**Q** 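Sharing a structure below in structure tokens format, with a few things to ask.
Bear in mind that the values here come from a model prediction, so they are computed numbers and not experimental data. Per chain, numbering begins at 1; letters A, B, ... match sequence-line order.
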Amino acid sequence: MKKTAEVIIIGGGVNGCAAAYYMARRGLTDVIVLEGSDSIGHGGSSRNGGGVRQSGRDVRELTYCMWGIQNLWPGLSEELGVDVEYSQTGNLRLGKTEAHMKKLQQLADNARSCGLDVRMIDGKEVKELNPYLSEEVIGASWCPTDGHANPMLTTLAYYKRALELGVQFVKGAKVIKLRKMQGRARQVVTEDGTVFEADQILLVAGYESRAIARTVGIDIPMTTYFEEALVTEMQPHMFDMMLGTADADFYGHQCKHGSFVFGSECGLEEATDQSLTDLKTSSLTISAGSRAIMRYIPALKDAKLVRSWGGWLDMSIDRVPIMGKVTEVPGLILACGFTGHGFGTAPAVGYMLAQMAVGEETVVDLSALRYDRFVSDR
Amino acid sequence: MICVNDIEKEIGVFVPMEDDDVLVCRCEEVTKGEIRRAVHAGMTTIEEMRRFLRCGMGLCQGQTCGKLVKGIVAAELKINPLELEPAVSRAPMRPVEMKVMGKDGGQGGDAV
Ligand SMILES: Cc1cc2nc3c(=O)[nH]c(=O)nc-3n(C[C@H](O)[C@H](O)[C@H](O)COP(=O)(O)OP(=O)(O)OC[C@H]3O[C@@H](n4cnc5c(N)ncnc54)[C@H](O)[C@@H]3O)c2cc1C
């Protein structure tokens with residue numbers, strides 16, 4: 001195991017693995033990825049709903065999100081040699097009341113003003129797109145270029161390919177601090193005292209990035225949020241698009257192999273106070289989720305649930321990720337605060353992080369995502 | 001702390017075996033050969049293996065193949081199966097219909 005490299009990536013989630021791959025692809029293979037847990041993708045990256053969604057995003061994210069969907073997602077399976085099950089089959093956001101429709105209209109107007117094709121459709125058109133939905137649905141917003149992919153396979157495919165290209169991966173390497181040398185970020189220290197060194201350090205460790213960045217004097221305003229998901233047994237093929245609701249009471253899609261994966265909430269999430277290593281699900285969410293799903297897709301009432309799980313979100317205080325080089329700590333690059341929607345953007349993010357590491361301009365301007373954008377409003 | 005690259009070097013390249021076609025996970029139809037190959041692709045924990053191949057993720061949730069998979073992975077890594085963390089069990093304990101699950105813990109009662 002080498003301990004010195006050109007780049008160290010802290011965090012083996014989908015963003016860290018994608019960054020490692022895009023670095024290796026451009027010839028930068030002297031890279032070490034340090035993953036704190038025993039498994040790559042142990043964080044949100046293997047626990048998410050697989051949505052590859054542009055609709056509903058802040059303008060500051062939309063440009064690179066769209067760039068990734070146009071340029072990277074379509075060829076990803078072929079490029080990585082693993083079927084990541086990317087399916088660009090659209091996103092329907094459903095409404096049942098006039099209030100819902102008003103909310104959806106507003107979201108659609110916002111998206112269109114940023115150049116994204118999201119349109120409002122009526123109940124009849126919704127039925128044509130998806131005949132399995134409840135009669136109570138009166139309309140929806142429809143974004144035909146959204147879609148979904150398999151997050152576990154995407155994360156592990158980036159990992160596998162980066163490993164093949166020569167990137168070094170270390171698991172069970174929990175980082176506790178960074179150290180500067182001659183004014184630059186240089187050393188990475190793990191829990192057991194091992195010291196790794198690199199010219200550049202990429203911090204993509206989800207919420208834990210906050211504590212690590214603090215050791216070199218940078219504080220990123222983030223909070224945590226525990227989100228859950230569930231999966232049914234295989235069902236006959238029903239529909240391909242991603243579903244969501246104006247009320248945000250559930251979202252999800254049918255996976256390639258037949259299971260439905262849904263995310264849902266019970267309404268008490270804000271009060272979750274378990275520790276970050278505790279991934280126990282609440283006894284309420286799976287039932288609340290079942291009710292929400294059946295209200296929109298009654299045909300699934302007999303579908304059996306086989307599994308539920310949960311994961312931590314790294315919530316940025318303004319709900320938009322933090323990304324870029326840190327001026328006060330040369331050599332340090334940050335990428336965190338993905339706020340519950342960092343899977344769909346991971347290819348674009350990984351690509352741009354690799355650009356930063358080799359000193360290139362990023363394909364999309366990221367200055368609006370700087371870590372020092374947070375100022376007091378009082 | 002484990003360095004995946006060191007492990008891969010130590011266990012050498014994938015060598016085909018006669019019984020590679022044997023179905024190990026029957027729910028998700030995963031063969032012994034696929035599991036062994038995945039170890040050489042970097043999947044060194046049961047958690048990664050399940051996510052990569054879906055073995056143990058089907059209707060029986062690994063009740064039948066869990067031990068077998070562990071044995072195959074351990075043999076490929078040349079370690080004792082006891083050194084491998086078992087897969088995490090997740091709620092519900094047995095598959096439950098949504099209409100039944102939806103009756104619990106809310107005001108929703110009969111949702112449909
Ligand atoms: C239930 C749920 C549903 C979601 N649904 C969607 C969706 O539909 N669409 C979407 O786009 N996004 C979704 N997300 C969000 C998405 O999963 C994340 O934004 C994304 O995975 C972030 O990837 P990451 O690599 O930045 O972080 P992570 O996957 O959290 O990876 C960070 C890694 O760093 C490691 N780490 C932590 N601390 C240390 C340390 N001290 N030293 C070393 N390593 C460390 C962790 O173990 C982890 O592997 C969802 C999340 C959840 C939980």
**Q** What is the minimum heavy-atom distance between A/M294 and B/M98, and which atoms define it?
**A** CE-O, 3.5 Å
**Q** By a 4.5 Å heavy-atom criterion (distance strictly below it), what part of A/T155 contacts chain B: side chain, backbone, both, or neither?
**A** neither
**Q** Taking A/I293, A/L305, A/V170, A/D38 one by one, which has the highest count of heavy-atom pairs under 4.5 Å against chain B?
**A** A/L305
**Q** Do you see a donor-acceptor pair shorter than 3.5 Å between the side chains of A/K171 and B/T44?
**A** yes
**Q** Any idea which of A/H42, A/E233, A/K2, A/M234 has the most non-hydrogen atom pairs under 4.5 angstrom with chain B?
**A** A/H42
**Q** So for A/D192, is it side chain, backbone, both, or neither that comes closer than 4.5 Å to the heavy atoms of chain B?
**A** side chain
**Q** Do you know the tightest heavy-atom contact between A/L156 and B/E48?
**A** CD1-O, 3.6 Å
**Q** Between A/Y159 and chain B, with a heavy-atom cut-off of 4.5 Å, which part of the residue counts as in contact: side chain, backbone, both or neither?
**A** side chain
**Q** Say you draw a straight line from CE of B/M1 to CE of A/M1; how long is it, rounded to the nearest 0.5 Å?
**A** 5.5 Å
**Q** Just so I understand: if I count every heavy-atom pair under 4.5 Å between each of A/A173, A/G267, A/C266, A/G166 and chain B, which residue has the most?
**A** A/A173
**Q** Can you tell me which of A/R307, A/E35, A/E191 forms the most heavy-atom pairs within a distance under 4.5 Å of chain B?
**A** A/R307
**Q** Determine whether a donor-acceptor pair (N or O, by modelled atom type, separation under 3.5 Å) exists between the side chain of A/Q168 and the backbone of B/N5.
**A** no
**Q** Could you tell me whether the side chain of A/D302 and the main chain of B/E97 form a donor-acceptor pair under 3.5 Å?
**A** no
**Q** Between A/H257, A/K160, A/E164, A/M152, who has the most heavy-atom pairs with chain B when the cutoff is under 4.5 Å?
**A** A/H257
**Q** Heavy-atom cut-off 4.5 Å, strictly under: side chain, backbone, both or neither for B/M57 against chain A?
**A** both
**Q** Nearest 0.5 Å, what's the OG-CZ distance between A/S39 and B/R50?
**A** 11.5 Å
**Q** Output the option from B/K9, B/R94, B/R51 having the highest count of non-hydrogen pairs under 4.5 Å with chain A.
**A** B/R51
**Q** Using a cut-off of 6.0 Å, state whether more than 12 heavy atoms not belonging to A/Q274 lie near its atom CD.
**A** yes
**Q** How close do B/D104 and A/R291 get, counting heavy atoms only, and between which atoms?
**A** O-NH1, 2.8 Å
**Q** CZ of A/R25: more than 12 outside heavy atoms within 6.0 angstrom?
**A** yes
**Q** Roughly how far apart are B/M43 CE and A/L163 CG, rounded to 0.5 Å?
**A** 8.0 Å
**Q** Between B/G58, B/A38, B/P95, B/C27, which shows the greatest number of heavy-atom pairs under 4.5 Å with chain A?
**A** B/P95
**Q** What's the spacing between B/R90 CZ and A/L279 CG if we round to 0.5 Å?
**A** 7.5 Å
**Q** Of all heavy-atom pairs between B/F52 and A/L153, which one has the smallest distance, and what is that distance?
**A** O-CD2, 3.3 Å
**Q** More than 12 non-hydrogen atoms from neighbouring residues, nucleotides or ligands closer than 6.0 Å to NZ on A/K280, yes or no?
**A** no
**Q** For A/T194, which atoms come within 4.5 Å of any heavy atom of chain B: side chain, backbone, both, or neither?
**A** side chain
**Q** Is the side chain of A/S287 donor-acceptor paired with the backbone N or O of B/G102 at a distance under 3.5 Å, no angle test?
**A** no
**Q** Measuring from A/S308:OG to B/M101:CE, what's the distance to the nearest 0.5 Å?
**A** 7.0 Å
**Q** Measure distances from A/V167 to the heavy atoms of chain B and classify the residue's part below 4.5 Å as side chain, backbone, both or neither.
**A** backbone
**Q** Pick one of side chain, backbone, both or neither for A/L284, based on which atoms fall under 4.5 Å of a heavy atom in chain B.
**A** side chain
**Q** For A/F262, which atoms come within 4.5 Å of any heavy atom of chain B: side chain, backbone, both, or neither?
**A** side chain
